[in-house]
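Positions are given from 1, in the same order as the sequence printed here.
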Amino acid sequence: MRVQIDRLTVRHVTMLDNWCMDTSDALTTTKAPRATSNRSTLPPAAAFKDYIGSHWAERTDVVPPAREQAAFAAARRARLSALYPGKRLIVPAGGAKVRSNDTDYPFRAHSAFSWLTGWGADAEPDSVLVIQGDEATLYFRERAGRDSDEFYSNPQIGEFWIGARPSLAQVAGDLAIATAGIADAAAVVSASDADTIVLREADPEITAAVDAARGEASDLELDAQLARDLSELRLVKDEFELRELRAAVESTKRGFEDVIRALPQITAHERGERIVEGVFYTRARGEGNAVGYDTIAAAGPHACILHWTRNDGPVVPGDLILIDAGVEGESLYTADITRTLPVNGTFTDAQRLVYETVREAADAAFAVARPGIRFREVHAAAMEVIAKRTADWGLLPVTAEEALGADGQQHRRYMVHGTSHHLGLDVHDCAAARREMYQDGVLEPGMVFTIEPGLYFQPDDLTVPEHLRGIGVRIEDDVVVTASGVESLSAGIPRTADEVEAWIAGLRG
């Protein structure tokens, strides 16, 4: 057990970078060493250490008032804890992930951790939330003084490298939760027993340490149940979540408008799809944390590739461009919107036919969505339209009715994806929920999901008339279930072919 706890402590307290410490001082760890830089090859002189650690102005440790989401997070913790009386729940934030050598991807805490703490884009890596009954404690790497080696020598967490970090008191005030240093989490993990449950996917090393402490008392089924419950509790959004999702959609609309204004620059570039991606990302970073997922900027036949994120093709006037993008706010709630635009501002007859058929399918899904129906019925309504229209056009070897049967499904050749998925902290939210709570679940007020039918006629599909080949269209909106139906959070983003053409014309003058 000693090795396991050392590993936990080393990673979450962090080792000093090799260039500023003698290897004899390194703590024992079983974790594979991270690649290091060659910023320096010699340990610093004592005079340097004394000098860099002195003559700093006093700084005032201002404790902020609780942020808006703190009360909502407390209520969520209470709901979760009530499902596990007498149990200790360990929910890690996760750590930074290496992109290349000593360069990390931007850190993003596990969504369940953010949901339970209210900590969003500013969450500290390697933090751990522990809930037991009515008590919750957030463990994180507390700020070190400027007289410590960490201040100047650790490029991962040292303030000289990454800027000011919060104190225990500041986070306690900000999130309205008890806090403790990350080193204290080792004792909690070492005390894990049959009454300890861990969110396994969030941090493999903490999970391994909990398993080692629990030994034969490990209950993997309870761990899996925790992940499932955390997803299912998130199916219905609270007031704060809905406000954040509305804000994310509004920012996303502005991002689409930025792209439309930049179309002359986009079409002039040999990799115009990349310019689309960059323009939208500028809005996402300016108003939020980042994009909620890799932007799809799929022009021409690329629009027939469902997850086209290479975005290295040209954007040619006369073609369509399918843009699937969403701004993620500082709270980590993300929008997920798709619009398919005529690059030169006007749909051709063939493009308009396909586009308006997809809109018809979306409208059919909107029409049936209301409390009390099964989630899968939303998809079924859209697919009825897809089957009928593709049969009318002579694309199917059977009737629409036959295609819609369980043994048919030929129409899915042109739309293989689902029509809807839940949306929130994750773009595909609540993914660990049971089927009976998700696909077969009953819609309730406060649920947020997408409606996103499409038609994709591959350029080499011989079942499709030549004038339709290479056309791909998807229209995606974000909706919230109300008492009587659904409200489109993205209603302010033009949808019909006429509205889209007027939108482009108005923005481009």
Side-chain angles (χ1 to χ4, degrees), residues 2-64 92-109 119 121-128 138-174 179-187 203 205-206 209:
R2 176 63 181 168
V3 172
Q4 294 291 340
I5 294 301
D6 276 348
R7 179 171 67 178
L8 174 69
T9 303
V10 166
R11 174 162 159 239
H12 292 75
V13 176
T14 72
M15 294 173 60
L16 297 180
D17 208 26
N18 286 346
W19 65 270
C20 67
M21 66 178 293
D22 195 307
T23 55
S24 64
D25 294 330
L27 297 174
T28 302
T29 179
T30 60
K31 183 181 179 185
R34 179 173 175 173
T36 58
S37 66
N38 61 349
R39 294 187 181 96
S40 176
T41 57
L42 296 174
F48 164 76
K49 295 177 68 174
D50 289 342
Y51 189 61
I52 199 170
S54 63
H55 299 93
W56 296 103
E58 292 289 331
R59 67 178 167 192
T60 303
D61 193 6
V62 178
V63 177
K97 294 178 174 61
V98 176
R99 184 181 185 276
S100 64
N101 194 34
D102 60 347
T103 302
D104 291 335
Y105 288 103
F107 173 69
R108 186 189 189 281
W119 229 352
D122 55 342
E124 288 287 321
D126 302 316
S127 302
V128 183
L138 177 57
Y139 298 86
F140 71 97
R141 181 65 169 108
E142 67 270 32
R143 186 171 67 199
R146 287 172 172 169
D147 56 348
S148 71
D149 290 346
E150 175 194 292
F151 166 62
Y152 63 85
S153 66
N154 192 319
Q156 288 182 275
I157 60 173
E159 293 191 1
F160 222 111
W161 297 88
I162 65 170
R165 294 172 51 237
S167 67
L168 294 176
Q170 287 175 319
V171 172
D174 187 16
T179 58
I182 191 62
D184 295 338
D203 191 313
E205 292 185 15
I206 288 181

Enquirer: Minimum heavy-atom separation for V63 and G173, please, with both atom names.
Expert: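 Closest pair (atom of V63, atom of G173, distance): CG1-CA, 3.9 Å.
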Enquirer: Determine the minimum heavy-atom distance between A96 and P125, stating which atoms define it.
Expert: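 Looking at all heavy atoms of both residues, the closest pair is N-CB, 4.4 Å.
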Enquirer: Roughly how far apart are K49 NZ and S54 OG, rounded to 0.5 Å?
Expert: 13.5 Å
Enquirer: So which heavy atom on V171 is nearest to which on F140, and how close?
Expert: CG2-CZ, 3.4 Å
Enquirer: Kindly compute the distance separating CD (Q156) from CD (E150), expressed to the nearest 0.5 Å.
Expert: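 These two atoms lie 10.5 Å from each other.
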Enquirer: If I take atom CG from residue D147 and atom CG from residue D50, how far apart are they, to the nearest 0.5 angstrom?
Expert: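 Here the interatomic distance stands at 10.5 Å.
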Enquirer: What pair of heavy atoms forms the shortest contact from Y152 to W161, and how long is it?
Expert: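 Nearest heavy atoms, Y152 then W161: O-NE1, 2.7 Å.
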Enquirer: My understanding is that only residues two or more places apart in sequence, or in another chain, count here; which of them pass side chain to side chain donor-acceptor pair (under 3.5 Å) with R146?
Expert: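 None.
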Enquirer: For the side chain of T179 and the backbone of L168, is there at least one donor-acceptor N/O pair under 3.5 Å apart?
Expert: yes
Enquirer: Tell me whether T103 contacts the main-chain N or O of R99 through its side chain, where contact means a donor paired with an acceptor under 3.5 Å.
Expert: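 Side chain of T103 to backbone of R99: no pair is present.
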Enquirer: Do P64 and Q170 make a side-chain contact, defined as non-hydrogen atoms from C-beta onward lying under 4.5 Å apart?
Expert: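 P64 vs Q170: side chains touch.
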Enquirer: Side chain to side chain donor-acceptor pair (under 3.5 Å) with R59: which residues, sequence neighbours excluded?
Expert: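 For R59, the residues satisfying side chain to side chain donor-acceptor pair (under 3.5 Å) (neighbours in sequence not counted) are E159.
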Enquirer: Taking the side chain from R141 and the backbone from I182, do they hold a donor-acceptor pair closer than 3.5 Å?
Expert: no
Enquirer: Mind checking the CD1-CD spacing from I157 to E142? Nearest 0.5 Å is all I need.
Expert: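 Reported to 0.5 Å precision, the distance equals 9.0 Å.
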Enquirer: For the residue pair P92 and D203, what are the closest heavy atoms and their distance?
Expert: CB-CB, 3.6 Å
Enquirer: In chain order, what residues pass the side chain to side chain donor-acceptor pair (under 3.5 Å) check against D184, with sequence neighbours excluded?
Expert: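 With sequence neighbours excluded, D184 shows a side chain to side chain donor-acceptor pair (under 3.5 Å) to no residue whatsoever.
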Enquirer: Which heavy-atom pair separates P166 from E124 by the least distance, and what is that distance?
Expert: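 Looks like CD-OE2, 3.4 Å.
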